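First the structure, in the form of structure tokens, and then the observations on it.
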Amino acid sequence: MYFNRKSETMARTELDRLKLRRLKAVAKRCYKVPFYRNAMKASGVRPEDIKNLEDIKKLPFTTKDDLRESAPFGMLAVKLDECIELHASSGTTGVPVTVCYTRNDIEVWSEVMARCLVMAGLTKKDIFQNPIPYGTFTGAFGFHYGAQKVGALVIPSGMGQSERQIQLMKYYGTTFISGVVSYAAHLGQVALNMGINPATDLKVRHGIFGSEMFTPGLKKKLAELWNMDVYDIYGLTEMCGPGVSTDCHLHDGLHLWEDHFLVECVDPKTGEEVEKEEYGEIVLTTLTKEGMPILRFRTHDLAFLYDVKRCGCGRTHIKHSQIKGRTDDMIIISGTNVFPGQIEHVLMQNDRVGLNYRIVIGKKGDMDKLAVEVESREKLGEQEKQELERKLQNELKLVLLLTPDVKILDPGAIPKDTIKAKRVIDNR
Ligand code: DLL
């Protein structure tokens with residue numbers, strides 16, 4: 001099932017021609033923005049120098065700090081009164097970035113979201129519940145616009161009041177849910193606490209989640225908890241919000257809508273392109289955005305690009321792997337580099353582990369101390385807890401090359417009070 005068969009299955013040659021035409025146009029549009037004009041002048045590049053897709057390398061990178069320095073409206077390529085909506089990044093890693101959308105930007109966002117949702121199985125017959133905060137965070141509106149474009153019945157339930165979310169699912173017969181990965185996990189636990197088994201007592205059979213690290217193990221646990229087909233959706237405020245890419249029913253990589261976003265994968269240190277199928281930092285350029293076009297945005301997200309070929313689902317748009325982590329999420333513990341993704345990967349392989357965990361870093365004397373707190377799937381006795389703690393400690397030790405304390409918590413013990421889960425608590 002496609003939302004837009006023509007665009008989603010477009011021949012590569014045609015797609016590349018379209019990308020080049022749009023890249024030339026966006027370079028011209030950006031030249032109107034002082035930040036880009038200065039950067040291009042400094043490196044002696046003019047928009048007319050873009051003759052082929054490789055020439056994107058001549059254009060300047062954009063970082064989050066660049067956007068912050070021009071915030072809130074300094075990066076606009078149109079007059080403010082041509083914009084009809086504003087969103088801002090969640091600001092988990094600093095001052096929020098503001099983005100403005102023209103009417104056409106909202107139309108494009110709805111289109112790419114509709115493609116993602118249909119790829120994840122949404123039809124106009126679905127009852128689509130959107131348990132994600134409606135506000136300046138892009139999440140809710142992206143899903144909302146996309147699902148309405150498909151023609152599903154949207155329940156804008158927002159985030160929070162978790163028991164009510166479950167009651168709404170039961171009352172309206174919700175079939176499809178969306179949102180942030182950790183909140184879907186939390187809602188499953190809330191349902192169980194209410195004596196409702198999401199796998200058998202609710203009608204939810206599809207879910208599409210993102211906004212946070214989503215290892216295959218966590219995806220599998222979420223699928224089992226809810227008895228649903230789970231899809232991974234990627235996106236970021238700077239591009240539009242959710243809707244940049246999603247996995248198809250084959251669940252092998254996420255298709256990225258190349259007619260609207262141009263993707264590169266670079267070595268985070270040098271900025272040079274990495275080999276195909278090699279991990280690097282995802283760099284994105286908006287190809288059709290009017291309000292706030294962005295060139296070569298350094299996402300900090302680590303993934304690899306698949307070699308381009310038609311996927312078994314028929315789509316021609318390039319795929320990237322799941323996001324493995326961020327270049328800036330590395331923690332240094334007593335001189336050893338630790339990535340949260342490594343920890344999530346180990347925890348989620350274990351059947352007795354639940355869906356929620358956090359990493360707490362403190363000091364013992366002069367030494368850094370790493371502790372991993374993780375919920376069990378079912379409530380365990382003291383002895384079972386200790387056995388599981390020892391097992392996970394040994395498994396983590398092998399991967400991290402240091403010995404963390406592991407503490408098993410009861411299901412639901414870790415509070416869920418922020419939009420994105422706070423996985424790392426650094427008390428040093
Ligand atoms: O989180 C947009 C979004 C909302 C995507 C809902 C999907 C679902 P930001 O707050 O700007 O936007 O955060 C963007 O979140 O650079 C990644 O580090 C991370 N991220 C987003 N989707 C995924 C995903 C929204 N599927 C930042 N897997 C990005 C892993 C993700 N990380």
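Nothing here was measured: the structure is a model prediction, and the numbers come from that model. Whatever order the structure lists ligands and atoms in, that order sets their numbers, starting from 1. Numbering starts at 1 and runs along the sequence shown.
A salt bridge (charged side-chain N to carboxylate O under 4.0 Å, His left out) with Arg358 is found for one member of Glu344, Glu373, Glu375 and no other, namely Glu373.
Considering only non-hydrogen atoms, atom 20 (N) of ligand 1 lies nearest to Ser211 out of Ser211, Ser178, Gly139. When the heavy-atom distances from atom 2 (C) of ligand 1 to Gly325, Gly235, Gly243 are ranked, the shortest goes to Gly235. Here the shortest heavy-atom distance to atom 17 (C) of ligand 1, taken over Leu236, Asp301, Asp329, belongs to Asp301. Looking at Phe137, Tyr231, Phe214, Phe141 and measuring to atom 4 (C) of ligand 1, the nearest heavy atom belongs to Phe137. The heavy atom nearest to atom 28 (N) of ligand 1, considering only Lys324, Lys420, Met213, Glu212, is found in Glu212.
Set against the non-hydrogen atoms of Arg326, the atoms of ligand 1 under 4.0 Å away are 16 (O), 18 (O). Near Thr138, meaning under 4.0 Å from one of its heavy atoms, ligand 1 places the atoms 2 (C). Every atom of ligand 1 with a heavy atom of Asp232 under 4.0 Å away is listed here by number and element: 24 (C), 26 (N).
Cation-pi contact between Lys420 and Tyr183: absent, since separation from the ring centre below 6.0 Å together with deviation from the ring axis within 45° is not met.
In terms of N/O distances under 3.5 Å, ligand 1 is approached by Ile233. The shortest N or O to N or O distance between Thr237 and ligand 1 is below 3.5 Å.
Taking a cutoff of 4.0 Å between a charged side-chain nitrogen and a carboxylate oxygen, Asp229 and Arg205 do not qualify as a salt bridge.
Proximity of the aromatic rings of Phe304 and Tyr306 is defined here by a centroid distance below 6.0 angstrom, and this criterion is met. In this structure, the ring of Phe141 has its center less than 6.0 angstrom from the ring center of His87.
Closest approach of Pro131 to Ser178, counting heavy atoms only: CD-O, 3.3 Å.
Residue contacts with ligand 1: Gln322 is excluded, as none of its non-hydrogen atoms falls under 4.0 Å.
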Pairs of donor and acceptor atoms involving the side chains of residues 105-120, under 3.5 Å and at least two apart or interchain, shall be tabulated with distances.
residue	atom	partner	partner atom	Å
Asp105	OD1	Glu290	N	2.8
Asp105	OD2	Thr102	N	3.0
Asp105	OD2	Thr102	OG1	3.3
Asp105	OD2	Gly291	N	2.8
Glu107	OE2	Lys149	NZ	2.8
Trp109	NE1	Pro242	O	2.9
Ser110	OG	Ile106	O	2.7
Glu111	OE2	Asn4	ND2	2.9
Glu111	OE2	Arg115	NE	2.7
Glu111	OE2	Arg115	NH2	3.1
Arg115	NH1	Asp259	OD1	3.1
Arg115	NH1	Asp259	OD2	3.4
Arg115	NH2	Asp259	OD2	2.8

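For NZ of Lys58, the number of neighbouring non-hydrogen atoms (other residues, nucleotides, ligands) closer than 6.0 Å is greater than 12.
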